[in-house]
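A note on names: the letters A, B, ... follow the listed sequences, proteins ahead of strands, and every chain is numbered from 1.
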Protein chains: 2
Amino acid sequence: MTEATGGSANSSIQATVIAEMRGRIISGEIEPGGPLSELALAEEFGVSRTPVREALKQLQTEGLVEIRPRVGTFVTTPSRREITELFEMKELLEGAAARLLAQRGRVPEIDRLQENLEEADAAVARDDREHYAELVGEFHDLLITGADNNKLEAHYRMLMNQLAYSRLVKTSLNQPGRPLQSDREHHLVVELIVEKDGDSAEQVMREHVRASRRALMAGLPTPGSPPPGTARD
Amino acid sequence: MTEATGGSANSSIQATVIAEMRGRIISGEIEPGGPLSELALAEEFGVSRTPVREALKQLQTEGLVEIRPRVGTFVTTPSRREITELFEMKELLEGAAARLLAQRGRVPEIDRLQENLEEADAAVARDDREHYAELVGEFHDLLITGADNNKLEAHYRMLMNQLAYSRLVKTSLNQPGRPLQSDREHHLVVELIVEKDGDSAEQVMREHVRASRRALMAGLPTPGSPPPGTARD
DNA sequence: CAGGAGTCTCTTGCATGGCAGAGACCGTAG
DNA sequence: CTACGGTCTCTGCCATGCAAGAGACTCCTG
């Protein structure tokens, strides 16, 4: 599955393009729905169209861009329905990760999760949302990697890329009281994990994801009452 | 995510190559681990290397082949660990599908599931394993499509392709008594779905997948005692 | 006979050019 | 003014050629 995010150690030129473009898309640097021209990108990177083309093709199978034959390549903009679906998957996978991690017993990731929680407590206490957002990212990351299932991890990263999740987290944390609530839920999950109660850990983790989704959707621009010409999809 | 299996309606030549090669790989027509030469395939399909190359690249991101730079392209052979991981994912996704389907209420897929079960009963009764294997395939398919979550479906199909699952099913059904047991478990799942008991449906479905996995692994050639030159990884 | 270095061929990686479809744009007719 | 037809340019699609890395093979040497 190659890597869904990390290693750009591959020196091949198309790998570079893939990594770079993926970064731009999930960071929102290029606007969703925007067109991507093979030729323009090739010139920008100073390479030929072939590797660019192959890079875009891979990004398509990752769900980040859409290639309309003979028309052009565009950054995908998840529809509302897709976002719902993606969150259902997120809930599923993170729940499973919690269960798997609980089953593994005492592994280093658990220690790091507890350290993470301590830092997070501090960040919440001084209302440092920026830092807390980072810690949340690390928390979920530790959970996934701690599950020790490469397939799960690969699919998870793919989904998060499609959601451009890193962009969204901050939105949800701007809901008043959400950071504190979120932090508490994290504590509960880790507690259940160290108790090796996989069933409960999964259940609570799922609930946490649902709560996080609600908080996030509440802060989005197009909830359900779009003023005249707002909604595009 | 394009389609992970179905529509070859796309007239583009590389789409044809992708569909064809995917079919060959999951059917086992080309031996796992075997090399795939761009040039050879290009000649066989009567096209240039470019579309073949792009097709292989997509199959790589689907996890069906592995491209070793400057060396060659090879059909991936899931290691024992990967098989375990894939089954964990299968359990997860099918369990979730059962839950989601239960939550949806009365939808056509449920009717078709019940029809499927009737046919399956008959097939089991007359010990028609061939037909039962087909029905099992349809059963799981209905479950997934019935969940009405495209992301889930896409990821599921990708995983099943990596497992070359269609090849494996028959193995598991050769375990004595397995078809009957399997059929019973299917009945129970559907029953729970029509009762809209999503929690139980998910749980039972998961257990069913685990049982199916055990039956399957028991019938595999390389359990733990590989005769001299059999095991390759 | 064994080991190592060199070469030689095979593979993919990348660049480039021609082709065809899709859509925008403009001119014209009603 | 509006609607239609043609063209024109832009896009990705595919073919081909060259280059470079990896691995096998051979030949030379100890």
Exercise. Evaluate the criterion side chain to side chain donor-acceptor pair (under 3.5 Å) for residue pair A:Q58 and A:E62; output intermediate values, then yes/no.
Key: CA-CA 6 Å; A:Q58 167 150 356; A:E62 286 181 19; 3.2 Å; yes
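Counting only heavy atoms from C-beta outward, the side chains of A:V136 and A:H186 approach each other to under 4.5 Å.
Listed candidates were D:dG23, C:dT12, C:dA15. Nearest to the side chain of B:T73 is C:dT12.
Atoms CZ (B:F74) and C1' (D:dA22) sit 11 Å apart, rounded to a whole Å. Whole-Å rounding puts the B:K57 NZ to C:dG13 C1' distance at 11 Å. Rounded to whole Å, the distance from CZ on B:F45 to C1' on D:dA15 is 17 Å. Between A:R53 atom CZ and C:dG17 atom C1' the separation is 14 Å, expressed in whole Å. Taking atom CD of residue A:E38 and atom P of nucleotide D:dT11, one finds them 10 Å apart after rounding to whole Å. The separation between B:I67 atom CD1 and D:dG21 atom C1' is 16 Å, rounded to whole Å. Nucleotide C:dT16 holds its C1' atom 12 Å from the CG atom of A:L39, rounded to whole Å. Going from atom CZ of A:R68 over to atom C1' of D:dT11 covers 12 Å, rounded to whole Å.
Mapping A:Q14 and A:V71 onto DNA chain C by nearest heavy atom places A:Q14 at the nucleotide closer to the 5' end. The residue among A:T50 and A:R70 whose nearest nucleotide of DNA chain D is located toward the 5' end is A:R70.
Nucleic acid contact class of A:L56 (heavy atoms, under 4.0 Å, all strands): none. Within 4.0 Å (heavy atoms only), A:E54 reaches no atom of the nucleic acid at all. Among the atoms of the strands shown, base atoms are found under 4.0 Å from some heavy atom of B:R49.
Put simply, the side chain of A:N116 gets close to the backbone of A:L135: a donor and an acceptor are under 3.5 Å apart.
Judged by distance alone, the side chains of B:S172 and B:S212 never bring a donor and an acceptor atom under 3.5 Å apart.
Sparse packing is recorded around CZ of B:R112, with 12 or fewer heavy atoms of other residues, nucleotides or ligands lying under 6.0 Å away.
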